[in-house]
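Read the structure below first, then the notes.
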Amino acid sequence: MKGDIIIFLREGVYQQTETLELDQSISGTNGYSVIFKAYQDENVVVSGGIEITDWKPLDDGSGIYYATVGQDIETRQMYVNGEAATRARSESGLPDSTYDRCSSPEQEVGHTTTATEMAGWKNQSDIEMVYKQKWTNPRCPVEKITLSEDGTKAEIQMQQPAYYYCRNKMSTSTTNPWYIENAYELLDTPGEWYLDETGDIGKGKNTFYYMPKEGEDINQAEVIVPVLEELVNLNGTLEEPVRNVKFEGISFQHTTWLRPGTDRGYPDAQNNVLREYDPTLSISNHLCREYVPNGAVNFQHTENLEFNGCDFRNIGATALVGKN
């Protein structure tokens with residue numbers, strides 16, 4: 001290289017269908033840089049989302065609209081005109097609830113509650129219990145909900161090992177839920193949404209349901225749902241790092257993060273660190289495996305990597321993550 005190599009991006013939304021993987025072959029050499037740059041300060045968006053259109057009202061008077069997507073889709077976020085919509089949720093936790101001690105990840109344990117109607121809810125394995133334990137906000141998905149033998153209680157079995165991790169993270173172990181999230185039966189407030197991946201709600205697989213806010217015309221709104229978890233990865237090696245790469249004036253937008261809805265849940269410790277209890281580990285390792293979630297942009301074994309005048313918005317987990 002005898003000078004910087006500049007890759008100009010013209011104004012527009014660059015909608016990615018897969019993560020952009022960059023390795024040491026993109027490196028700048030001889031002290032020069034490879035620069036990805038918005039042309040003349042134009043508005044350049046690198047997006048991991050897709051737009052949802054063609055909304056139709058349900059005919060049940062609920063005020064809910066629906067739109068079916070012609071592809072399998074997983075996401076935890078929806079943005080309406082750039083603002084985060086709320087996944088359908090309750091106003092509070094479980095009434096008259098109890099919780100089980102969980103001494104192994106094989107146990108079929110969870111909560112009981114007098115809210116017996118929950119045993120009839122659909123897509124039960126998509127429902128999440130959201131907790132507030134001191135400074136943490138763990139989440140755990142439901143396995144199934146059944147009625148007790150006498151019909152007076154709903155017995156909620158939680159997914160494993162997620163519940164095991166959430167019940168065994170020292171002083172922030174979960175107790176009773178703060179609120180319940182991601183059940184169609186809870187979609188009752190303007191600004192809330194729900195994704196039915198199975199079709200059990202009635203309008204087909206991969207259908208979004210949304211209750212518009214007052215005065216909001218959903219078919220005139222921009223509705224974006226993220227489908228990628230990562231936008232860009234830069235991965236070098238110890239022997240040959242990715243060197244001298246710059247990003248200038250680019251907006252990185254619309255990523256999701258799917259792990260909290262999986263059977264591993266979201267056993268957070270602090271500062272976006274996840275903690276998975278494992279008594280087979282050594283004491284020096286605190287009997288836990290700890291993780292930092294991947295971000296919208298991840299980098300490993302890099303030198304002289306710069307982000308100048310960029311922004312990150314509507315991101316599912318973390319914006320930038322550097323790993324050893």
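Excluded from the calculations below are hydrogen atoms, water molecules and symmetry mates; all remaining heavy atoms, backbone and side chain alike, are included. The first residue of the sequence shown is numbered 1, and numbering continues consecutively from there.
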task: Quick one: do E42 and R10 satisfy salt bridge (charged side-chain N to carboxylate O under 4.0 Å, His left out)? Show the steps, please.
output: CA-CA 7 Å; E42 292 181 350; R10 297 304 304 263; 2.8 Å; yes
- request: Could you walk me through whether L186 and W121 pass the side-chain contact (heavy atoms from CB on, under 4.5 Å) test, one step at a time?
  value: CA-CA 10 Å; L186 298 174; W121 286 6; 3.7 Å; yes
Atom pairs and distances, side-chain donor-acceptor, residues 138-146, under 3.5 Å, sequence neighbours left out:
from, atom 1, to, atom 2, distance (Å)
R139, NH1, E128, OE1, 3.1
R139, NH1, E181, OE2, 2.9
R139, NH2, E181, OE1, 3.4

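Shortest non-hydrogen contact noted between P177 and L94 is CG-CD1, 3.7 Å.
Counting only N and O atoms by type, the side chains of S148 and E155 include no donor and acceptor under 3.5 Å apart. For the residue pair K153 and T98, no side-chain donor N or O sits within less than 3.5 Å of a side-chain acceptor on the partner. Side-chain contact, T113 with S97: no donor N or O sits under 3.5 Å from an acceptor N or O.
For S104, the side chain to side chain contact (heavy atoms under 4.5 Å, CB included) partners at least two apart in sequence or on another chain are E106, Q107.
Below 30°, between 30° and 60°, or above 60°: for F312 and F252 the angle between ring planes is below 30°, a parallel geometry.
For the side-chain contact (heavy atoms from CB on, under 4.5 Å) with N298, the qualifying choice from L234, T19, L320, N233 is N233, the only one to do so.
Remark: side-chain polar atoms of S90 are paired, donor with acceptor, to backbone N or O of I180 under 3.5 angstrom. Checked by atom type and distance alone, the side chain of N219 pairs as donor or acceptor with a backbone atom of W55 at under 3.5 Å.
A cation-pi contact, defined as under 6.0 Å to the ring centre and within 45° of the axis, is absent between R313 and Y79.
Within the 6.0 Å centre-distance limit, the rings of F307 and F247 are counted as a close aromatic pair.
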